[in-house]
Amino acid sequence: MPVWVEKAMNKEEMKRYESFKQKFFHWFLAFQDDGSFSAAAGELLALLKEELALEQAVFYLYDPVRAAFYPEAAAVEASSALPIAADGRRKVAVVDAGGPHMAARLFFMLSDEAPAMVELVYRKDGGFDEQLLWEIRTDLARLFRKLSAVLQGAGEEKRYGQLHRFAAKIHSSMHIDVVLEEIICTLQNVYPSFTYHLLLSHDNHLRGNLPIKTLVLDEREQQTAALRAFLTGQVQCEEMEAPPRSVLYAPIKGVQAVYGVIEIIAPYAAPFPKREIHFISLLASTAGSALENAKLYEQSRRLVADLQLINDTMRQLNARPRLHEAIEYMVSQIQQSFGADEVGFFLFADGKRELLPGSTPFFFDHRSEPYIEWVEKRRQSGNDILFAGDVCAPAFGPFRSIMAAPMQQNKETKGLCIALANEPYRFTFEMFKLLESLIQHSTLAFMNAMLREELEKMVVTDYLTKLHTRRYLDERIQQSMGTDASGAFMLLDIDNFKQINDVYGHQTGDEVLVQVAETMRANIRDSDVAARWGGEELAVYLPNVPLSDAVAVARRIMEKVREQTIPAVTVSCGISWWGHAGFQDAEQLFKRADAALYMAKEKGKNCIFVHDDGHVYKV
């Protein structure tokens, strides 16, 4: 090509380039700084393409993970643009683009940490000389850097304005849900193409449709960086392989603790810029402070509610003097307040474990044994944390959540309360501590109810034989005569009891009395009443029985006493019976039985006499 032609072409290209710079000035005056960098870069490249008569103009950013330049913006759609390998040795390179086209690649730094490149595709018959390309490279580097700075400044202003609004909103709220929702909303506004998750512990059950994942507190795959951020309180980054992604973990950190982690997944595999890490850290710290305040507020409200629950429970328990009523109320309260499906109360006495009436039916079934054994093993090993969020051993049944609280008095364990739930992690650790406190306060009421019942039992129970007292027997007979249709009364006297005391001693005599009393109890119904009448005389009242049944019971008792006592003794028995309408004289019933017993003793002992309708006869 003749020199004059080449110079003419250079002058023409220079003229076009000067025209581009003039039009760029007008474009920049009308430029809106609220868009994205890619859109603005595309407009700039379109202007460059038009003024320089280019086939295409593409802006590339460097991806250090894949060590190549990837298209970020283009004058026209560049779906066919391919990654370009990095060439660190040259700043301007002209390559054959295939066919009638050439490509000039202009390399420069968009920022201190972001290499960039602009590729200008033009026809071979209309090229640029090297001097012009260097000038274009210098100018484009300045233009893109300024464009990036302007947009970055506008973006920073916008982002920090959103951060300010975010801080104002979450600090004005005392609800954890609002704080968590606002974290996600702000991130979506600032980084709309990113993916977010809140990694929280199991104690944060929540919460609507928020993207919450459980923070696993152990070294498991894909959770290492998140766990490290949670434990150290420092931002952590990692790279995903399939698909290639960059992930940032920002701890939600307050003054007292770290409450969770924000997981941010970029749509590409490239390190997060320092300014982005700084902004995300500020947002996470702001969220941590607000979340801490909300948690403290929620905790204070929960403490007030817990104290109210304990006070209400104690008031209700004190209004229920019977132990089984108190247990039934506590079971209902625990089910309602903690969401428990099954509740059992156990009492420890004489080295044995007794399930208290009022517990839910499941604990009366053998299926409850694995749960009880789990609690007992932990308790005996000295572990005072009787709590598990997810018990999924094969030996266990359908219940996944378990917690237990000891019933302690004067530093002595009197019993145990066990609560079960089907849902895993149904109970939080705060619930466990509340249950411990509730049971600790309730234990005194339980013990008082037991002592009250024990005292009542002592009042109506003979100390030696453990039979009822004569006073209790009188009350039961009067009650029976008012409500029942009939009843039989028998008096039994141990034959030759004085001889037992003289030969064997009074201690043996007492043992014989106890043996006879136990035999009587073993051979009557639960509705019958056995009592100590006085000395070696014992009595039994049988409501709603015919006289023939009373005689059969007396014969059975006499036979068992003769067979089972050591030393062997016999008893004499007198029986009276009532069944006539209007007969309500218990004193006459006693006198007739006493008369019948007297006849039995007079007629040879070890026999039964009946006093019925004025007739006394041996049976």
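The figures here come from the full heavy-atom set of this structure, side chains too, leaving out hydrogens, waters and symmetry mates. It should be emphasised that the depicted structure is a prediction, and the values quoted were computed from it without experimental measurement.
Counting non-hydrogen atoms of neighbouring residues, nucleotides and ligands closer than 6.0 angstrom, the CD atom of Q336 reaches no more than 12 such neighbours. More than 12 heavy-atom neighbours from other residues, nucleotides or ligands sit within 6.0 angstrom of NZ on K466. More than 12 heavy atoms of other residues, nucleotides or ligands sit less than 6.0 Å from atom OH of Y196.
Note: F387 and F429 have perpendicular aromatic rings, judged against thresholds of 30 and 60 degrees for the angle between ring planes.
Side-chain atoms of R525 come within 3.5 Å of backbone atoms of P543 as a donor-acceptor pair (strictly under, hydrogens ignored). Between the side chain of Y249 and the main chain of L199, no donor-acceptor pair closer than 3.5 Å is present. In this structure, D390 contributes its side chain and P424 its backbone to no donor-acceptor pair below 3.5 Å. Listed for the S332 side chain is no donor-acceptor partner under 3.5 Å among the backbone atoms of E328. Put simply, the side chain of T570 never gets that close to the backbone of R562: no donor and acceptor are under 3.5 Å apart. Judged purely by atom type and a 3.5 angstrom limit, N410 has no side-chain atom pairing as donor or acceptor with the backbone of E412. At least one donor-acceptor pair under 3.5 Å links the side chain of K253 to the backbone N or O of G233. Using a distance-only test at 3.5 Å, with no hydrogens or angles considered, a donor-acceptor pair links the side chain of E292 to the main chain of V255. Panel note: side chain N544, backbone A485; a donor-acceptor pair is recorded below 3.5 Å. A donor-acceptor contact shorter than 3.5 Å links the side chain of W577 to the backbone of V545.
The shortest side-chain heavy-atom distance between E376 and R353 falls under the 4.5 Å cut-off. Side-chain atoms of F363 and F346, non-hydrogen and from C-beta on, do get closer than 4.5 Å to each other. With contacts defined as side-chain heavy-atom distances shorter than 4.5 Å, the pair W533/L492 does not qualify. A 4.5 Å side-chain heavy-atom check between E587 and F590 finds at least one atom pair inside the cut-off. At a threshold of 4.5 Å between non-hydrogen side-chain atoms, the residues F489 and L491 count as touching. Side-chain contact between L464 and V514: present, with at least one pair of heavy atoms (C-beta onward) separated by less than 4.5 Å. A 4.5 Å side-chain heavy-atom check between I477 and W578 finds every atom pair outside the cut-off. Contact check for I500 versus I494: no side-chain heavy atoms found under the 4.5 Å cut-off.
With rounding to the nearest 0.5 angstrom, the OG atom of S401 is 9.0 Å from the CG atom of D341. Taken from CD in Q479 to CG in D484, the straight-line distance is 8.0 Å, to the nearest 0.5 Å. Atom-to-atom distance recorded for E536:CD and K498:NZ is 11.0 Å, nearest 0.5 angstrom. Put simply, CG on L473 and CZ on R476 are 9.0 Å apart, with the number rounded to the nearest 0.5 Å. Here CE of M431 is found 7.0 Å from CE of M403. Values are rounded to the nearest 0.5 Å. Distance check, rounded to the nearest 0.5 Å: CG of L538 to CZ of R470 gives 12.5 Å.
With respect to the salt-bridge test (charged N to carboxylate O, under 4.0 angstrom), the residues D462 and R532 qualify. The pair E436-K433 meets the salt-bridge criterion, with a side-chain N (NZ, NE, NH1 or NH2) lying under 4.0 Å from an Asp/Glu carboxylate O. By the 4.0 Å N-to-carboxylate-O rule, D594 lies too far from K591 to be salt-bridged with it. A salt bridge is defined here as a Lys NZ or Arg NE, NH1 or NH2 lying under 4.0 Å from an Asp or Glu carboxylate O, and K377 with E373 fails to meet this definition.
If you check the side chains of Q515 and T565, you find no donor sitting under 3.5 Å from an acceptor. S572 and D493 form no side-chain donor-acceptor contact under 3.5 Å, judged by distance and modelled atom types alone.
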Evaluate F427 against F432 for ring pair (Phe, Tyr, Trp, His ring centres under 6.0 Å), listing each step before the verdict. CA-CA 7 Å; F427 305 135; F432 168 64; 9.8 Å; no
Before you tell me yes or no, could you show the steps for R471 and E475 under salt bridge (charged side-chain N to carboxylate O under 4.0 Å, His left out), namely the whole-Å CA-CA distance, both residues' side-chain angles and the distance that decides it to 0.1 Å? CA-CA 6 Å; R471 178 181 176 182; E475 293 175 353; 3.7 Å; yes
L589 and D585: CA distance, side-chain angles, deciding distance, side-chain contact (heavy atoms from CB on, under 4.5 Å) verdict: CA-CA 7 Å; L589 194 68; D585 192 345; over 6 Å; no
List the steps, then state whether side-chain contact (heavy atoms from CB on, under 4.5 Å) holds for R379 with T413. CA-CA 11 Å; R379 194 174 68 87; T413 302; 4.0 Å; yes
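When all heavy atoms of I575 and A554 are compared, the pair lying nearest together is CD1-CB, 3.8 Å. Contact between S576 and A593 at its shortest, heavy atoms only, is OG-CB, 3.5 Å. Of all non-hydrogen atoms in Y259 and Q256, the two that sit nearest each other are OH-CB, 3.9 Å. For the residue pair V375 and L416, the shortest heavy atom distance occurs at CG1-CD2, 3.4 Å. Smallest separation of non-hydrogen atoms from L386 and R378: CD2-CB, 3.7 Å. For the residue pair M558 and C607, the shortest heavy atom distance occurs at CE-N, 3.4 Å.
Of the candidates F364, Y329, F446, F446 is the only one forming a ring pair (Phe, Tyr, Trp, His ring centres under 6.0 Å) with F345.
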